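Quantities reported herein were computed from a predicted structural model and do not represent experimental measurements.
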Amino acid sequence: MIFNLENLQNYRENNRIEFKSALGGLPQSIWDTYSSFANTLGGVILLGVEEIDNKSINILSLSDHNKIVHDFWNTVNNKQKVSINILTDKDINIIDVHGKRIIKIEIPQANRRDKPVYIGQNPFTGAYRRNGQGDYHCSEIEVQNMMRDKSDISQDQKIIENKGLDVFDYESLKRYRNRLAVVRPGHVWENLDDVDFLRRLGAIEVGEDKLPHPTAAGLLMFSFEYEICREFPHYFLDYQERMDDVARWTDRFISNTGEWSGNVHDFYFHVQNKLTQEIKRPFALKDGWERVDDTSVHKAIREALLNSLIHANFYDSRGLVVV
């Protein structure tokens with residue numbers, strides 16, 4: 001984080017900056033902030049600085065700055081107090097500001113393999129996140145999400161061992177294969193049976209029982225909504241068209257009606273058609289004869305919709321809404 005101490009008076013506490021007076025020694029609250037910065041975007045803690053009632057900055061002089069730094073290193077390296085030390089010597093500095101000595105502690109965002117960074121012995125009670133000027137306890141779901149992200153195996157590759165191949169909507173798969181045949185005619189997978197095709201896609205993997213099972217990606221892409229919800233309880237896809245201020249929506253398409261598969265594959269194609277159907281397609285030719293119907297706007301909308309689906313955390317408590 002770029003931080004200019006010469007302009008310290010212009011800074012205010014926010015999601016990346018925290019001031020603490022530290023006149024009584026190393027403040028206990030520093031560890032909540034250490035955890036929250038590490039679990040969020042990183043940030044800077046300044047010891048020997050306080051924000052007073054009118055939001056102006058008061059710079060104090062720490063006479064025991066060496067002891068404070070020593071106490072900080074002792075605690076941050078104590079696994080009984082802090083889950084992990086993600087700092088190096090260059091991250092802590094004693095700095096002279098207008099003749100007064102303060103301590104600058106720069107905390108990077110932790111690597112996903114180190115998250116959650118937490119205080120004490122229990123990540124579910126000792127992990128914090130940064131919102132605005134405050135440090136807040138992470139919810140159980142937020143901690144679980146960070147723990148899942150630690151794995152070297154992506155969430156997509158997770159094998160759903162309690163499900164068999166009967167969870168797939170083979171009509172959805174047929175639509176996918178038909179589209180592939182149009183875009184990539186003669187593809188080497190074209191003549192594979194459905195099971196081999198799904199395995200090549202990564203939608204099926206062999207589990208510990210030596211039997212094929214859907215992966216999380218395969219389940220989301222080609223299964224039914226009710227099967228997906230048994231693995232992802234909060235799974236919900238929602239498209240809303242809002243054309244006036246009177247009705248809550250003028251058109252809506254959601255995953256849990258039971259009238260269609262409810263999977264990610266079918267949602268994507270249905271919604272991208274709705275999003276692009278009113279966009280003008282100017283007449284243009286490629287190489288003098290081939291009609292070009294695609295525009296940069298069509299591509300941008302597809303990219304935005306694809307990214308929202310690809311990067312969504314379907315274990316989270318909130319569904320995905322396209323408005």
* Asked: Is the Phe224 ring parallel, tilted or perpendicular to the Tyr226 ring (thresholds 30°, 60°)?
  -> parallel
* **Arg184, CZ: over 12 other non-hydrogen atoms inside 6.0 angstrom** => no
* What distance separates Phe269 CZ from Leu305 CG, expressed to the nearest 0.5 Å? -> 10.0 Å
* **Phe19: which of Val49, Ile52, Leu60 passes side chain to side chain contact (heavy atoms under 4.5 Å, CB included)** => Val49
* Taking the side chain as every heavy atom from C-beta outward, state whether Lys115 and Gln109 have any pair of such atoms under 4.5 Å apart. => yes
* To do: Scan side-chain atoms only and decide if Asn256 and Glu225 contain a donor-acceptor pair under the 3.5 Å cut-off.
  => no
* On the 0 to 90° scale, with breaks at 30° and 60°, tag the Phe72-Tyr34 ring pair as parallel, tilted or perpendicular. => perpendicular
* Asked: With distance as the sole criterion, is a donor-acceptor pair present between the side chains of His70 and Asn74 under 3.5 Å?
  -> yes
* To do: Anything under 30° is parallel, anything over 60° is perpendicular, the rest tilted; go ahead and classify Phe222 against Tyr176.
  => perpendicular
* So Asn78 and Thr75, side chain to side chain donor-acceptor pair (under 3.5 Å) or not? Walk me through it. -> CA-CA 5 Å; Asn78 183 345; Thr75 304; over 6 Å; no
* Contact list for residues 17-39, test salt bridge (charged side-chain N to carboxylate O under 4.0 Å, His left out), sequence neighbours left out -> Glu18-Lys20, Glu18-Arg130
* To do: Please confirm whether Phe232 and Tyr315 have ring centers closer than 6.0 angstrom.
  => yes
* **Contact list for residues 242-267, test salt bridge (charged side-chain N to carboxylate O under 4.0 Å, His left out), sequence neighbours left out** => Arg175-Asp266, Asp238-Arg252, Asp251-Lys274
